[in-house]
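Read the structure below first, then the notes.
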Amino acid sequence: MRIRIVDAFTDRPFGGNPAGVLLLDDAFPDDDRLQKIALEVNHAETAFAHRLPGGGEADWALRWFTPATEVAMCGHATLATAHVLHTTGAHAGPVRFATRSGVLVATPAEDGSITLDFPTAPLTPVTTPAGVAEALGAEPLTAFDTGPNIGDLLLELGDEKTVHALRPDITALAAYSARGIIATARAENPELGYDFVSRCFFPNVGIDEDPVTGSAHTALAPYWSQRLGRTTLTGLQASPRSGRVRTDLRGERTLLTGRAVTVIEGELLA
């Protein structure tokens, strides 16, 4: 079985968010084996995909595992999987993935970028939970629940510098949402090519800080589109690895566009 490590939402190796990608010959093995492989890969997500029979609503079945658990949605590992399918010739043109979040489509462009069609996260304003400011290390301006597919608490902070400077108590953050915390702020200088910044901390799925989170941008897109008055935006995820996601809000769907680079290819022997 071939295994690849792909850096997603970046055009350079060792940037963006790394994901493991395994294309299976047959149906998924048992969940315990998938989880053990994901733990061995030990990246934020490992994607497992296998081809589906022709004539159906999807071309490939796709699942995502962190080192600790299976997740309902993952943007960067979907981008990484689509990149592997297209660069290896396993699939040409748009690819439809059957997932726990419905059918997700990845469409390649001539410039090498890939656009993902994901469901827009429903945002519900909530009262900022007591203690979250202390755990995060900054006082939020607003707080929103992002719905069941993502399971995060979205917090807007006062400015971009505050987002960059965060040094949260990761263990304490686990109490405030199903997956974790999205911290965001308006870009201080949009002339640098991005409209908002974010950082994502996901202690409940075994990820202290996710480098670049596609799924989080299905919540960030409607949030910042409403505030900035534009449906097409670019987000900078300000993790140490960093990466950019172009978002295009289409009502109940959000398009996420980025690039990917394969950095390791090998064989799974176990």
Side-chain angles (χ1 to χ4, degrees), residues 6-19 44 73-80 83 106-107 109 111-118 120-121 123 136-138 140-144 146 150 152-168 180-202 207 209-250 253-261:
V6 178
D7 291 342
F9 291 114
T10 183
D11 58 1
R12 56 185 174 83
F14 315 120
N17 200 353
M73 181 186 291
C74 180
H76 86 278
T78 304
L79 179 64
H83 169 79
T107 303
D111 66 359
S113 66
I114 295 173
T115 296
L116 309 177
D117 183 338
F118 272 39
T120 301
L123 299 180
L136 186 61
L141 303 178
T142 59
F144 286 79
T146 60
I150 299 178
D152 295 329
L153 183 66
L154 173 64
L155 302 173
E156 183 185 352
L157 305 185
D159 53 42
E160 180 177 342
K161 292 179 181 177
T162 301
V163 174
H164 284 280
L166 289 175
R167 299 294 183 269
I181 301 293
I182 305 169
T184 188
R186 187 190 302 251
E188 292 183 3
N189 184 5
E191 292 182 359
L192 294 176
Y194 56 91
D195 302 289
F196 59 87
V197 297
S198 65
R199 290 176 68 189
C200 296
F201 309 99
F202 301 142
I207 304 168
E209 180 170 5
D210 199 33
V212 190
T213 313
S215 60
H217 283 76
T218 67
L220 290 162
Y223 185 83
W224 286 112
S225 289
Q226 192 276 329
R227 281 154 181 76
L228 299 177
R230 289 183 287 123
T231 56
T232 301
L233 302 168
T234 297
L236 170 70
Q237 193 151 331
S239 68
R241 289 176 65 103
S242 186
R244 298 192 183 199
V245 183
R246 190 170 78 242
T247 66
D248 187 358
L249 185 63
R250 304 282 184 90
R253 309 296 296 184
T254 295
L255 305 184
L256 309 172
T257 300
R259 297 174 180 269
V261 181

* To do: For the residue pair T231 and D248, establish whether any side-chain heavy-atom pair is separated by less than 4.5 Å.
  => yes

side-chain contact (heavy atoms from CB on, under 4.5 Å) with Y194: of R246, Q237, E160, only one passes, and it is E160

Are any of the side-chain heavy atoms of R186 and F196 separated by less than 4.5 Å? no

Under 3.5 Å donor-acceptor, T184 side chain and S198 backbone: no

* Under a 4.5 Å cut-off applied to non-hydrogen side-chain atoms, are D152 and T213 in contact? -> no

Distance col, row C74:SG vs I150:CD1, nearest 0.5 angstrom, shows 11.5 Å

Note: S239 and P211 closest approach over all heavy atoms is OG-O, 2.8 Å

Looking only at heavy atoms, the pair that brings G258 and L79 closest together is O-CD1, 3.9 Å

The reported gap from CG in L249 to CG in L233 (rounded to nearest 0.5 angstrom) is 8.5 Å

Beyond-backbone contact of T247 with W224, side-chain heavy atoms, under 4.5 angstrom
no

dist R244:CZ -> T257:OG1 (nearest 0.5 Å) comes out at 14.5 Å

key: Salt-bridge criterion met for D111 and R259 (N-O under 4.0 Å)   = yes

inquiry  = Using side-chain heavy atoms (C-beta onward) and a distance below 4.5 Å, is T10 in contact with V212?
reply    = no

- Determine yes or no for a side-chain-to-main-chain donor-acceptor pair under 3.5 angstrom, with R199 supplying the side chain and V163 the backbone. yes

Value for CG (N17) from CD1 (I207), rounded to nearest 0.5 Å, stands at 8.0 Å

Heavy-atom nearest pair, G75 first then L116, reads O-CD1, 3.4 Å

Between H76 and P18 the two heavy atoms that sit nearest each other are NE2-O, 3.3 Å

Between T120 and T254: side-chain donor-acceptor atoms closer than 3.5 Å: yes

Side-chain touch F14/V261, heavy atoms, less than 4.5 angstrom: no

Contact check, side chains of R241 and D7, non-hydrogen atoms, under 4.5 Å
yes

Checking the side chain of S113 only, and the main-chain atoms of A109 only, is there a donor and an acceptor separated by less than 3.5 Å?
no

Rounding to 0.5 Å, atoms CG (L155) and OG1 (T142) come to a distance of 7.5 Å

Taken to the nearest 0.5 Å, the spacing of L153 CG from F201 CZ works out to 12.5 Å

All heavy atoms of L141 vs all of G158, minimum pair found to be CD1-CA, 3.8 Å

Tightest non-hydrogen contact, residues T162 and A138, listed as CG2-CB, 3.6 Å

The ring-ring contact (aromatic ring centres under 6.0 Å, His included) partners of F144 (sequence neighbours excluded) come to Y223

- Message: Can you confirm whether H217 sits close enough to F9 that some side-chain heavy atom of one is under 4.5 Å from a side-chain heavy atom of the other?
- Response: no

Open item on the list: I'd like to know if the side chain of N189 reaches the main chain of E191, judged simply by a donor and an acceptor atom lying under 3.5 Å from each other, with no hydrogens or angles considered.
Closed with: yes

### Task
Could you walk me through whether D117 and T107 pass the side chain to side chain contact (heavy atoms under 4.5 Å, CB included) test, one step at a time?
CA-CA 8 Å; D117 183 338; T107 303; over 6 Å; no

